[in-house]
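Being a predicted model, the structure only gives us computed values, none of them experimental. Convention: sequence-line order gives letters A, B, ...; per-chain numbering from 1.
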Amino acid sequence: MTDNAPQQQTDLPSAWNPADEEAAIYQRWVDAGYFTADAQSDRPPFTIVLPPPNVTGSLHMGHALDHTLMDALTRRRRMQGYEVLWLPGMDHAGIATQNVVERELANEGVSRHDLGRERFVERVWEWKAEYGGKILDQMRRLGDGVDWTRERFTMDEGLSRAVQTMFKRLYDDGLIYRAERIINWCPRCHTALSDIEVEHSEDEGELVSIRYGEGENAIVVATTRAETMLGDTGVAVHPDDERYAHLVGTDIELPLTGRRIPIVADEHVDPEFGTGAVKVTPAHDPNDFEIGRRHDLPMLSIMDERATITVPGPFEGMDRFEARPAVVAALREQGRIVAEKRPYLHAVGHCSRCDTVIEPRLSLQWWVSVEPLARAAGDAVRDGRTEIHPPELAKRYFEWVDNMHDWTISRQLWWGHRIPVWYGPNGETVCVGPDERPPGGDGWHQDPDVLDTWFSSGLWPFSTMGWPEDDDAATLAKFYPTTVLVTGYDILFFWVARMMMFGLYAMDGRQPFDHVFLHGLIRDANGKKMSKSRGNVIDPIDWMDRFGADATRFTLARAANPGGDMALAEEWAAGARNFCTKLWNASRFAMLNGATVANPLPATAELSEADRWILGRLGTVVSEVDELLEGFQFAKAANLLYHFTWDELCDWYLELAKVQLSGERAEGTRAVLGHVLDAVLRLLHPFVPFVTERLWTALTGGGSLTVARWPGRALDEDGLRLPAADPVADARIGDVQKLITEIRRFRSDQGVKPGQRVATRLSGPGFTDLTGHEDAIRSLARLTAPDDEFSATASIEVGLAAGMVHVELDTSGAIDVAAERKRLQKDLAVAEKELRQTEGKLGNQAFLDKAPADVVDKIKVRRDTAAAEIVRINARLAALPGS
RNA sequence: GGGCGCAUAGCUCAGCGGAAGAGCACCUGCCUUACAAGCAGGGGGUCGCAGGUUCGAACCCUGCUGCGCCCA
């Protein structure tokens, strides 16, 4: 080793304490600029835009999963030599943020109206400066390798210009329009909501049947919202329904109001449901709205924005839930209640932000005409420009984009991007672009509403890169389209479809991402959805505190099968923590024993079979992990590494290495040990970046794993030169393992203490073949060589690929015959079952005729082996004392 | 009501045509100088039910039952 060579630091603490080191390691990465993307780079780009978390939010387990996967993807690509951009930021969450600040104001005894719009918006900015973006610090703890120099916020000036530009373009193209329609209204947030901001649940309500009219002309209608009858402007029946044919075209008196309303025939009425007649409230129900339109019925609004009844009379001023029983009581008094079903289970829409029951309401709103946009969004996936993983979920995507309703984008809020439309004194409507002066003068005013937050989030993949300005053209040119979007399948519709529509439209048909990877949802240990009301929420910060960021990440990665939900519990995290500890201790052992990465690996001929075996296995694992990660198979890749590290490297190679280190092969062993460990740390780095960074820099003296080369496929070459799998070494080490395991089993059955050395004579053709491994076998099975006094008290036989091995042991005492008989009988039962199964197959002529020859041969070998085992074991049993 | 998905060890899940697997939990013995956050050994499953296809089915097909999700 020359003076200039990187120095190994062997001063590792005896235990890994994540809390002591993670923050400093992260800061070093950021300071070194490893996460900063260079738009001028010659390297091929790899881009992910972070689904922007809500400015009011904090990191929950769903984010932790999402971020772990994105971090794993970007870290691996960075190591492979890509120019990686992972772009962070937040969205302004119109309703949620406004709610938070309004609550704060309420504590001070004022409303936003007291403050006025301008001052209120200032307050929101002040709130954001003070409390917003907590989640960004939590992302640092998790280790997210995002480019902080490019952090964005949807309300920033640049992104606001993007919003205005997009609005103007869509408006000019006739894809944005204003119309009076039924919308989902939240009476608490006082705003319109789009369909996807409404959550449906099966709620208990009531179904009340009301008789309209008298005698032969009476019609019974049923409703779950009795109070809406005040706004009825018709009754509808199916045109073919003979029960009501004579009434169609007549009118009927609407109880409590004295109004007369027509009876109309409409195809959309289901004659099978209830009485086959429905009340029609066009201003308060989307279906009724359509019926009303077809039959030209009046649209009578009966509630204000707080869902309080506005119809003059006894119900005026009542909340809708107060009015409901009041109206029923009044009807009952008139003897008009024919039936009541209570409780009655039915689907009720709730505001996704505050859970208030949605009130369908007729109102004037701005809309995006989604048909052409949605078609393009569907086509991009249909023709393969954007690939959805796992592919089964593409169906759901199509279902959504192919049946999308127009999108209500105006919100009756103050926090958000204000609609850039001005109205003139003579009914003029002017849409203003970002560099245009709005019309001034008397009577002109801007639309008071703001845009749906998703409108600005939909622009995220390119607005964050400078669109539509030119200054940042290099970023956009280099990093758009983004490579992959990672998100939960639950927001496929919310966000993915919106971005697809806007990206394709704004970027001349270029899709916002080449791949969409959808992961599952986080659940608790019993597979139940985590929710505050269930009280089963696990806080990722708590896990990071107690188990470390790496353990938290590894737990999530190990559970992340594509498209599948994942159950989590503390035990899982503890297991991942244990794995990190194992890795730490194994690395410490290697370094304390002089593992080296500076020297080249000895030539194959110089290596032991154990060396060749572990190197071959490493080569296989590297290519498998590479393949799995290429296909977003995070759980399989993480589990493969877990088992290779623990079961093969630690449980076997390290133990075999101990033997080699005290012999002639010490130098080569150090090189192999260092080499394998180096590669394992690199492979694990995307999942557990902190502990691997600490260990790898100590082992190699290198700068940072963040920018170390990936052991698998890299951009410039095929990756680390790893020996191919070595079948001879595999077979030999496999035999060594089997022999050791069998001896251990015998010892355990015989009650020999693990620490006790047992004098043993090894012989037989199988052993002759393993002579080079005698030291290893004696060491791992705790055996000593027989001396002159040797006198075997027990013996076993172990069948290996290389032949039978006779193991004679001096247990210095009587053997437990019962235990030995039990052991042999168990082996016998296994062999007999095997013989039955194989003979069954081989006795079937159809099997011999039709099964492939290699399968038949394999079965024959198994049959022969089993038959021989039975003979051997029976002989052993017969030879036991007392038989 | 329409559509999709899932039923494999006590729990959570892999496996998806040719010998039933993992993690955790469980039992036994061990502080064997990297590691008790560990080591060694072990027990545990007619792969939801009923048919069918096949030489061969946990795996493919049909039906049933039970759960879950999305949409209306």
Side-chain angles (χ1 to χ4, degrees), chain A residues 12 14-16 195-196 200 270 272-273 286-287 347 349 392-393 395-396 399-400 403 489-490 492-493 520-521 523-529 547-548 551 555 558-559 561 563-593 595 633 635-636 639-640 642-643 646-647 650-651 654-655 657-658 740-757 779-782 823 826 830 833-834 837-838 840-852 854-856 858-859 861-863 865-866:
Chain A
L12 284 178
S14 63
W16 165 242
D195 293 345
I196 56 175
H200 294 271
D270 178 5
E272 308 292 320
F273 185 78
N287 294 321
E392 305 90 84
L393 286 170
K395 252 184 300 181
R396 269 168 78 168
E399 237 165 68
W400 173 254
N403 298 297
Y489 64 73
D490 56 328
L492 181 63
F493 316 134
L521 272 34
R523 296 175 180 281
D524 73 7
N526 300 311
K528 296 271 180 264
K529 226 170 172 169
F547 305 114
T555 306
R558 283 225 291 161
N561 279 302
D565 289 354
M566 59 215 81
L568 297 181
E570 205 168 298
E571 292 80 359
W572 282 234
R577 186 261 327 262
N578 295 355
F579 176 72
C580 293
T581 306
K582 189 74 182 174
L583 188 64
W584 180 267
N585 285 320
S587 303
R588 247 179 82 235
F589 167 81
M591 283 183 239
L592 289 171
N593 285 283
Q633 300 275 1
K636 288 188 179 65
N639 280 313
L640 178 58
Y642 176 94
H643 287 291
W646 202 314
D647 304 348
C650 292
D651 287 352
L654 250 45
E655 296 303 326
K658 285 176 185 173
I740 291 167
T741 303
E742 283 300 309
I743 297 172
R744 284 171 175 169
R745 183 160 78 108
F746 174 80
R747 292 175 52 124
S748 179
D749 287 345
Q750 287 295 318
V752 177
K753 300 288 180 209
Q756 187 188 332
R757 299 270 169 180
S779 168
L780 271 64
R782 305 260 152 204
R823 195 176 77 90
K826 192 191 151 200
V830 170
K833 185 180 173 198
E834 176 80 350
Q837 283 180 345
T838 50
K841 286 196 180 216
L842 293 168
N844 180 351
Q845 192 57 41
F847 172 74
L848 296 174
D849 291 345
K850 298 192 177 176
D854 60 313
V855 172
V856 176
K858 227 161 67 183
I859 301 287
V861 169
R862 281 170 48 194
R863 191 240 348 239
T865 308

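Comparing G41(B), A72(B), U12(B) by their nearest atom to the side chain of Ala567(A) picks out U12(B). Comparing A37(B), G18(B), C69(B) by their nearest atom to the side chain of Arg577(A) picks out A37(B). Taking only side-chain atoms of Arg396(A), from C-beta outward, the nucleotide of C69(B), A72(B), G23(B) with the closest atom is C69(B). In this structure, the nucleotide among C35(B), G18(B), C30(B) sitting nearest to the side chain of Pro754(A) is C30(B). Among the nucleotides G41(B), G18(B), G23(B), the one closest to the side chain of Tyr642(A) is G23(B). Side-chain proximity of Glu571(A) to C70(B), C24(B), A34(B): nearest is C24(B).
The distance from the CH2 atom of Trp16(A) to the CG atom of Asn585(A) is 13.0 Å, given to the nearest 0.5 Å. Rounding to the nearest 0.5 angstrom, the gap separating the CZ atom in Arg744(A) from the CZ atom in Arg782(A) is 8.5 Å. Atoms CG and CZ, from Asn593(A) and Arg588(A) in turn, are 11.0 Å apart once rounded to the nearest 0.5 Å. Separating the NZ atom in Lys658(A) from the CD atom in Glu655(A) is a distance of 3.5 Å, to the nearest 0.5 Å. Rounded to the nearest 0.5 angstrom, Asn844(A) CG and Ile859(A) CD1 are separated by 11.5 Å. Rounded to the nearest 0.5 angstrom, Lys529(A) NZ and Asp524(A) CG are separated by 12.5 Å.
The separation of G21(B) from U62(B), taken at their C1' atoms, amounts to 29 Å, rounded to a whole angstrom. The separation of U12(B) from C55(B), taken at their C1' atoms, amounts to 37 Å, rounded to a whole angstrom. On the C1' atoms, G2(B) is 38 Å away from A20(B), given to the nearest whole Å. Here, C6(B) and C16(B) have their P atoms 14 Å apart, quoted to the whole Å. Rounded to the nearest Å, the gap between the C1' atom of C24(B) and that of A14(B) is 15 Å. As rounded to the nearest Å, A57(B) and G15(B) have C1' atoms that lie 14 Å from one another. On the P atoms, G18(B) is 11 Å away from C60(B), given to the nearest whole Å. The separation of C35(B) from C30(B), taken at their C1' atoms, amounts to 15 Å, rounded to a whole angstrom.
Nucleotides of RNA chain B nearest to Ser748(A) and Asp565(A) differ in position, and the one nearer the 5' end is that of Asp565(A). Along RNA chain B, the nucleotide nearest Lys395(A) and the nucleotide nearest Arg782(A) are compared for position; the residue whose nucleotide lies closer to the 5' end is Lys395(A).
Contacts of Asp651(A) with the nucleic acid, taken as non-hydrogen atoms under 4.0 Å apart, involve only primed sugar atoms and P, OP1 or OP2. Using a 4.0 Å heavy-atom criterion, one finds that Arg588(A) contacts the sugar-phosphate atoms exclusively. Among the atoms of the strands shown, base atoms are found under 4.0 Å from some heavy atom of Lys658(A). Looking at heavy-atom distances under 4.0 Å, Cys650(A) makes contact with a base. Nucleic acid contact for Ser587(A): none, since no nucleic acid atom lies under 4.0 Å from a heavy atom of the residue. Using a 4.0 Å heavy-atom distance criterion, Leu654(A) is classed as a base contact. Within the nucleic acid shown, Gln837(A) has no heavy atom closer than 4.0 Å to any nucleic acid atom. The residue Asn844(A) sits close only to the backbone: its heavy atoms come under 4.0 Å of sugar-phosphate atoms, none of a base. Residue contacts for Asn593(A): at a heavy-atom cut-off of 4.0 Å it reaches no nucleic acid atom on any strand shown.
Across every non-hydrogen atom of Val752(A) and Gln756(A), the tightest pair is CG1-OE1, 3.7 Å. Between Lys582(A) and Cys650(A), the shortest heavy-atom distance links the atoms CE-CB, 3.7 Å. Scanning all heavy atoms of the two residues, the minimum distance from Leu848(A) to Leu842(A) falls at CD1-O, 3.4 Å. In plain terms, the two heavy atoms of Arg577(A) and Phe547(A) that are nearest each other are CG-O, 3.7 Å.
Between Asn561(A) and the phosphate of C13(B), there is no side-chain N or O to OP1/OP2 separation shorter than 4.0 Å. Using a 4.0 Å cut-off, some side-chain N or O of Lys753(A) falls inside it from OP1 or OP2 of C30(B). The phosphate of G15(B) (OP1 or OP2) has a side-chain N or O of Lys636(A) nearer than 4.0 angstrom. Residue Trp646(A) places no side-chain N or O under 4.0 Å from the OP1 or OP2 atom of A22(B). Contact annotation: Lys826(A) reaches the phosphate of G43(B) (side-chain N/O to OP1 or OP2, under 4.0 Å).
Remark: P of G29(B) and CD1 of Ile743(A) are 23 Å apart, rounded to the nearest angstrom. To the nearest angstrom, C1' of A34(B) lies 15 Å from CG of Asn578(A). Remark: P of C13(B) and CG of Asp524(A) are 10 Å apart, rounded to the nearest angstrom. Atom pair Asn585(A):CG and A37(B):C1' shows a separation of 9 Å (rounding to whole Å applied). If you measure from atom CD of Glu570(A) to atom C1' of A37(B), you get 13 Å, rounded to the nearest angstrom.
A donor and an acceptor atom never sit less than 3.5 Å apart when one is taken from the side chain of Glu655(A) and the other from the base of A40(B). In this model, a side-chain donor or acceptor of Lys582(A) finds a partner on the base of C35(B) within 3.5 Å. If you check distances only, the side chain of Arg862(A) does reach the base of A19(B) with a donor-acceptor pair under 3.5 Å.
Look at Glu742(A) and Arg745(A) and you find a salt bridge, because one of the NZ, NE, NH1 or NH2 atoms lies within 4.0 Å of a carboxylate O, short of that distance.
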query = Dot-bracket for RNA chain B, 5' to 3', with Watson-Crick and G-U pairs under 3.5 Å, [ ] for crossing pairs and | for other-strand pairs: what is it?
reply = ((((((((.[[[[.)..(..]]]].(((((.......))))).....[[[[[..)....]]]]]))))))).
